[in-house]
Amino acid sequence: MCQQWFSNLGLVLDIVGFLMIAREWHWAINLQGAEQVERRANARESAEDRKHRWQGWSQQYKLRRALFKIGAMLVILGFVGQSIGSLPTSYITRLGIT
């Protein structure tokens, strides 16, 4: 019975992690396009404005990097859960998981 829960939990972790990573990729692609448009429009921006924009982007980048890492770890944990769930029952009982 416990094996089925490991498989189900592994699948849930896989899909949540994958969706987090896909969201970050989508965000990065949209950001790249927006930055190119913004660069052309704001060719004469002051140094203070650039510094302020950079600080905001830096904070956002740190958050996005953390979300990407969490998503990757969820995919890895999902794989482990599915692997444990697919082990034969004799191995599971040896590990003490019932």
Side-chain angles (χ1 to χ4, degrees):
M1 180 67 166
C2 189
Q3 279 181 278
Q4 293 169 349
W5 284 109
F6 277 117
S7 290
N8 290 335
L9 179 64
L11 288 170
V12 168
L13 291 175
D14 270 346
I15 193 68
V16 170
F18 172 76
L19 290 175
M20 286 177 74
I21 292 171
R23 181 175 176 258
E24 294 308 309
W25 284 337
H26 179 71
W27 176 81
I29 290 169
N30 287 341
L31 179 66
Q32 245 180 354
E35 282 179 348
Q36 288 177 355
V37 170
E38 185 179 346
R39 229 179 282 140
R40 291 182 200 133
N42 298 328
R44 295 185 176 162
E45 186 177 43
S46 71
E48 187 65 33
D49 290 338
R50 275 190 295 253
K51 181 181 176 185
H52 178 69
R53 189 170 44 129
W54 171 256
Q55 287 173 346
W57 184 84
S58 178
Q59 291 171 351
Q60 194 175 37
Y61 174 75
K62 288 177 184 176
L63 173 67
R64 298 289 179 177
R65 186 174 57 182
L67 288 175
F68 182 85
K69 287 181 179 181
I70 291 170
M73 287 303 299
L74 288 175
V75 170
I76 291 168
L77 290 174
F79 172 77
V80 170
Q82 288 184 51
S83 297
I84 291 172
S86 66
L87 288 174
T89 308
S90 61
Y91 292 126
I92 297 295
T93 54
R94 286 183 201 166
L95 294 174
I97 302 171
T98 56

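- Leu13 and Phe68 fall into different hydrophobic clusters, defined by Ile, Leu, Val, Met, Phe, Trp and Tyr side-chain heavy atoms under 4.5 Å apart, directly or through other members.
- The side chain to side chain donor-acceptor pair (under 3.5 Å) pairs that include a residue from residues 16-25 are Glu24-Arg64, where partners are two or more places apart or lie in different chains.
- Taking each heavy atom of Ser7 and Gly85 in turn, the nearest pair found is OG-CA, 3.3 Å.
- Residue Trp27 is not grouped with residue Ile21 when hydrophobic side chains (ILVMFWY) are merged at heavy-atom distances under 4.5 angstrom, including chains of intermediate members.
- For Val16, the side chain to side chain contact (heavy atoms under 4.5 Å, CB included) test picks out Val12, Met20, Leu74, with sequence neighbours left out.
- Note: the hydrophobic cluster containing Phe6 does not contain Ile15 (ILVMFWY, side chain heavy atoms under 4.5 Å, direct or indirect links).
- The two residues Phe18 and Val75 make their nearest non-hydrogen contact at N-CG2, 3.5 Å.
- Members clustered with Ile76: Met73, by chain and number, using a 4.5 Å side-chain heavy-atom cutoff among hydrophobic residues.
- In terms of heavy-atom proximity, Asp14 sits nearest to Phe79 at OD1-N, 3.5 Å.
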